[in-house]
Amino acid sequence: QVQLVESGGGLVQAGGSLRLSCAGSGLALSVYAVGWFRQSPGKERVFVAAITWNGGSTTYADAVKGRFTISRDNTKNMAYLQMNSLKPEDAAVYYCAAVGRSGLPVMPSHYSYWGQGTQVSVSS
């Protein structure tokens, strides 16, 4: 059974940091591009960041560029999202997703597998 499991969410003050993790099971995450998305109540799921299967390329949404860093460790079947200088508007449920294709997909519909999400809350 293919699963992606996110962890690392929580409550942080504005300006603080969190590191989200995405663990793959039932699939070799090393051959998949991985993306992070976020969704706030009543809003659509939006792209945050993506990384190619080998970590050679990354891309970010403008809203997080310079503050967030996506990375992966294929030896551990893991992907990460380091979030610094958090703002109240970053609060959302964060999802990791994986797809077995080249490139850096930015649309949710491009991804095959999804985690259950982890809540990030930012107090002002």
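Sorted by first and then second residue, the salt bridge (Lys or Arg N to Asp or Glu O under 4.0 Å) pairs involving residues 51-62 (not counting sequence neighbours) are D62-K65. Within the structure, disulfide (SG to SG under 2.5 Å) contacts touching residues 30-80 (residues at least two apart or in different chains) do not occur. Judged as a salt bridge (Lys or Arg N to Asp or Glu O under 4.0 Å), not a single pair has a partner in residues 1-20 (not counting sequence neighbours).
S30 pairs by the side-chain hydrogen bond (donor to acceptor under 3.5 Å, both in side chains) definition with nothing, not counting sequence neighbours. Partners of R38 by salt bridge (Lys or Arg N to Asp or Glu O under 4.0 Å), not counting sequence neighbours, listed by chain and number: D90. The side-chain hydrogen bond (donor to acceptor under 3.5 Å, both in side chains) test applied to E89 returns no partner, not counting sequence neighbours. Applying the ring-ring contact (aromatic ring centres under 6.0 Å, His included) test to W53 and every residue at least two apart in sequence or in another chain returns nothing. S85 meets the side-chain contact (heavy atoms from CB on, under 4.5 Å) test with R67; sequence neighbours excluded. Applying the salt bridge (Lys or Arg N to Asp or Glu O under 4.0 Å) rule to K43 yields no partners; only residues at least two apart in sequence or on another chain are considered. Applying the side-chain hydrogen bond (donor to acceptor under 3.5 Å, both in side chains) criterion to S109, with sequence neighbours excluded, gives no partner residue.
Heavy-atom minimum distance, P105 versus Y111: O-OH, 2.7 Å. Closest approach of A61 to F47, counting heavy atoms only: CB-O, 3.4 Å.
L104 belongs to no hydrophobic cluster with other residues, because no ILVMFWY side-chain heavy atom falls under 4.5 Å from its own, directly or through intermediates. Hydrophobic clustering, defined by side-chain heavy atoms of Ile, Leu, Val, Met, Phe, Trp and Tyr closer than 4.5 Å, groups Y113 together with V2, L4, V12, L18, L20, L27, L29, V31, Y32, V34, W36, V48, I51, Y60, V64, F68, I70, L81, M83, L86, Y94, V120, V122.
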